[in-house]
Every structure is written in structure tokens, then in C-alpha cells.
Number of protein chains: 2
Amino acid sequence: MKASVVMIEPNGHFCSDCGVRGSAVCSSLDPAELREFEHLGRRVHFSSGETVFSEEDITTSFYNVLDGVMRLYKLLPDGRRQIVGFALPGDFLGMNLSGRHNFSADAIGAVIVCQFAKTPFGRFIEDRPQLLRRINELAIRELGQARDHMVLLGRRSADEKVAAFLLGWRERLLALKGPSDTVPLPMSRQDIADYLGLTIETVSRTFTKLERHGAIEIIHGGISLLDPARVEALAAA
Amino acid sequence: MKASVVMIEPNGHFCSDCGVRGSAVCSSLDPAELREFEHLGRRVHFSSGETVFSEEDITTSFYNVLDGVMRLYKLLPDGRRQIVGFALPGDFLGMNLSGRHNFSADAIGAVIVCQFAKTPFGRFIEDRPQLLRRINELAIRELGQARDHMVLLGRRSADEKVAAFLLGWRERLLALKGPSDTVPLPMSRQDIADYLGLTIETVSRTFTKLERHGAIEIIHGGISLLDPARVEALAAA
DNA sequence: GGCCAAAATTGATCTGGGTCAATCGCGTTT
DNA sequence: AAACGCGATTGACCCAGATCAATTTTGGCC
């Protein structure tokens, strides 16, 4: 689905009471800088399935996810898809060298992003090395996650992939929603399959198997970890 | 194999005539800075198979590869290995958040690195945002490569993986050694297999198949691309 | 509530690539 | 030059996960 901006709020919002204030790029700014920064970003809403940007697009903006979940993916010419990550509130998207995004991003459910035009944002960074340092920090963290995911894709079995995914997703939600053994899965089985390098059928079968063994319970819109230790053992961390 | 430093040259070298001067992190420094920078780094030699640093090690140094090839990899507890990349001259290693390397690095053949102690290097960066920007640039490039590799690991067939590897490796050597259809492969078949998420047997069979079809010729220490177009078609870019 | 479309599950079967097991090639040692 | 060792190749067989094919479940939407 191609993007169509649903709603723009050019003003009337304040970084100071933004939900991701503490974790996002902007956490590196002091209150005075924050007021200036406020004028650079616009909140933009996307509805479920909309494309925020595409792989081949020229980068004109950076994005800070404020609310919702996005899938980040690359497509092969024949349509095979690899999801390279899911973006959650606080994640920063759009950094690149070539001037083009090198992956595509869709909203999974309703999403709100804070959108920055490339040029003014670049100027703002110019004389604020602590913001650059923060962006570098986020890039390095992502690089670590990317390497972990390579291990999963290249060297783990289907059971291990699914178990590791459930634990990893719970871990990511921990920071946002607090600890819980009930893990919401807003993405489809196809999304999970494309993230893990599996087919939808294998993901479904593995979920069912885990449920039969009493390790999880498949619930509406997610799963419940009945036996986290069992799932951890399967993930073979 | 555990690392043992073979040789140290604490002085007597100059950044200004360093082979990677133009491409490495130091390309962002002016001549005056370079003279100061010179005192931060030490050239260290490693011989074939030696480990430069390990995943679990606390980071005490950053490294700039000056000569040779390294394999960067992660191990699962049961010994399965995923090579997350190969490092070549000009590559910068050691960036991390946790204070620990999150992968291990071995020399493939003889290697020379420029080693920087973490703390003084951090201080040097402090008031040189253009160096930080350069490091950020390298991190973002690596992130793009990591995402491409995820697509390969998760969604490509064995034939495609091998073909894409040969072309990708040739591409990386292009910047260092100039264009050539003779592609040296200093790494073992096991290394290639662990990079592509395959077994050594599958890599070997795929090479043989490509050779039978006249696309490549297997030569001592590498391969020769007889029909690059054919290999590109197989890689299904 | 009833209808339709899309998503998820389940089953049957197939196959790409893994596993196991020789064998080969070649550089090194004695 | 014979013996050794190790990486690479090749062959035979197997199996985890893909593919193909029905259902079944879910979620809008009149």
C-alpha cells in the first residue's frame, strides 16, 4: 500500500510532554534546545498498512516513532521479502549514506511519527555533537541487533527462531510497557515468517507445537508465556 | 586460537604514509590533527588464525585494519558459528555500547592493525565532531550491509548465496586492488559456509556446479569469473 | 446477525540442503 | 620419496522445513 498522509499536526504539540522524550534521539537535548527542536518536527499519523517510506525513495525526512509499530523490510525482485526489524516508539529511522532509504517501512496498525525534514535537521545536528553522539549510539545498538539477527537467520532451527523471537519481542516491550508474560503480537504470521526466514505455515505449526507442550498459550492478538524457562531453553541462548 | 601479539611498533610509523589514510576513519582529519593522532595508535601484527579480540572481552581498544583480512563472527553455545562479516584494510572495529565487543575477530592470514586505547581515543574524538561524523558514516554503511546480508541469509537459495558472495567479495576488493575477474578467496570453505548460513559441502558442490556450467573457474586460492553476467543472473539481484 | 474476504491452521507430500562417510589433492615432515 | 595431515571434493542418504491444498477461524460491514 502506498503512503497517504492522513493527518498533520504542524503545531500544537510539545516535545516536553512527548511520550518518547526520554528514550529517543531527543533525550540528548537540554530544555532550551528542545524548544528549538520542536519547530523542526511534525507529527504525522499513518493508518494500518500504509507505507511510510520505500526502499528506493530519495531520503527527504528522518522519522522518530512516537506511537505504534512498523515493519522494516527489503524485497527481492521476485517478491520475496525479508523483514529486517520492527520499529517501536523511540526508534529513529532514515539514517543513510546514499541519499536513499535502504529499506521500506510500513505501519502495522495506527502509527504516529515525528517527521523531520532532512536539511534543517542536518543543520541542527551540525553544531550539536551530543545529538550526533546519540544518533551514533542508536546506530551502534542497531548494528548489534542486526548481527544477532544474522546468527538467528543463518544458524538457528525453526523452533529456536520462533522461541528467540517471542523472548526478544517481550524484551523490547519490557522497556515500553513493563514486564509481562502476556506478549501482544500486532504483526501478522506472514510478518513473523518474513522476519525469521521461515514460511507462514512453519510459524503457525511451531506456535501450535509450543502450545501443545504447555510452553505458551495462543491468545487473541498475541501469546501468553506459560513456561518462560521452557521457551528460553528452546531458544538455546 | 587465542591471540598473542607477535610484534609491536610503538613508533617509527607515520599516518601520513599509511596505506588506508584515504579511506579509514582518519580520512576526516587534517594534517595537524593527524600528527597528534599518530601518537594514539600502535601498529600490531597478528599471524594467521590468531584472535584479535573475543565477543565476551571487555573493550579496551579500537582497531583500524591496515593490512590483511579478518573474519568477524559470533558463536552459539553449542559451537555453531555465524560469520557476520569480513574486515578489510580501512575497516574500523570495536565500536560498541555495552563495553564489550559483541563479536569475535580472527586474522585470516597475516594482519596488521592500528590499535587505539579506548580512553585516549574517546578523548580525542570528544572535540572533533568530524571524526565522530566519519565513525557514524562507517556505522551506517555497515548497518546497510548487515541488512543486505539478512536478506541473503533469510531469503536466498544456496546458489544465490554463493553467487552473491562471489560478486560482493569482488566488489569489496575492487576498491582495494582495482577491477579484476580473478577473485582471491583467502578464507576457507568453512568460513564461506559460516558466512552464508550453509555447510562446507554445499559451498563446495555449488562451486563445482558453477564451474561445470562454465560460469567460474576454481583456481588455487580463489576463483576466476569466466562469465560474470551468468553469475550475476544467478545472484538474482 | 449473516455474509464475505483475509488470515490462520492443519494435513499430505516434496525437496533443497544437511548429514554421514569416503576419497582426493597437496603441502609438510621426516 | 614415503608418510602424514588437513582442507576440499564427491557420493549416498535423510530430514527439517517448504510447497501445495483444504479447511477453519477471525474480522469487518451491511
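So that the names make sense, note that chain A is the first sequence line, chain B the second, and so on, each numbered from 1. What you see is a predicted model; the values in this text were computed from it and never measured. Heavy-atom basis, side chains included; hydrogens, waters and symmetry copies ignored.
- At a threshold of 4.0 Å, the pair A:Asp148-B:Lys74 counts as salt-bridged, since one of the basic side-chain nitrogens sits closer than that to a carboxylate oxygen.
- Both tests hold for B:Arg81 against B:Tyr73: distance to the six-membered ring centre under 6.0 Å, angle to the ring axis within 45°.
- Under 4.0 angstrom from either OP1 or OP2 of D:dA8 there lies no side-chain N or O belonging to B:Ser204.
- One atom, CD1 of B:Ile200, and another, P of D:dT9, lie 8 Å apart when rounded to the nearest Å.
- Annotation: A:Tyr63 is not in aromatic contact with A:Phe116 [ring centroid separation under 6.0 Å not met].
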Using distance only, find each side-chain donor-acceptor pair of residues 202-210 of chain B under 3.5 Å and give its atom names and separation, not counting sequence neighbours.
| residue | atom | partner | partner atom | Å |
| --- | --- | --- | --- | --- |
| B:Thr202 | OG1 | B:Thr199 | OG1 | 3.1 |
| B:Thr206 | OG1 | B:Thr202 | O | 2.6 |
| B:Thr208 | OG1 | B:Ser204 | O | 2.9 |
| B:Lys209 | NZ | B:Asp159 | OD1 | 3.2 |
| B:Lys209 | NZ | B:Asp159 | OD2 | 2.8 |

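- Within the 4.0 Å cut-off from OP1 or OP2 of D:dA16, not a single side-chain nitrogen or oxygen of A:Ser157 is found.
- At whole-Å resolution of the value, CD in A:Glu201 and C1' in D:dT24 are 15 Å apart.
- Counting atom types as modelled, A:Arg189 pairs no side-chain N or O with a base atom of D:dT26 as donor and acceptor under 3.5 Å.
- Separating the CZ atom of B:Phe207 from the P atom of D:dT10 is a distance of 13 Å, rounded to the nearest angstrom.
- Checked against D:dT10, D:dA18, D:dA21, the side chain of A:Leu198 finds its nearest nucleotide in D:dA18.
- Listed pair A:Thr202 / D:dA18 meets the phosphate criterion, a side-chain N or O lying under 4.0 Å from OP1 or OP2.
- With a heavy-atom cut-off of 4.0 Å to chain A, the contacted part of DNA chain C has its first and last nucleotide at C:dA8 to C:dA12.
- Nucleic acid contact class of A:Ser188 (heavy atoms, under 4.0 Å, all strands): sugar-phosphate only.
- Residue order along DNA chain D, read from the 5' end via each residue's closest nucleotide, puts A:Asp159 first among A:Asp159 and A:His220.
- Salt bridge status for B:Arg80 with A:Glu160: present, with a side-chain N to carboxylate O gap under 4.0 Å.
- Whole-Å rounding puts the B:Arg155 CZ to D:dT19 C1' distance at 13 Å.
- Distance CD (A:Glu211) to C1' (D:dT25): 14 Å, rounded to an integer number of Å.
- Within a 6.0 Å sphere centred on NZ of A:Lys118, other residues, nucleotides and ligands contribute more than 12 heavy atoms.
- Between the side chain of A:Glu55 and the backbone N or O of A:His101 there is no donor-acceptor pair closer than 3.5 Å.
- Atom NZ in B:Lys209 sits about 13 Å away from atom P in D:dT10, given to the nearest Å.
- With DNA chain D read from its 5' end, the first of the two nearest nucleotides for A:Gly197 and B:Arg212 is the one closest to B:Arg212.
- Rounded to whole Å, atom P of D:dT9 lies 12 Å from atom CD1 of B:Ile223.
- Nucleotide D:dT24 holds its C1' atom 15 Å from the CZ atom of A:Arg205, rounded to whole Å.
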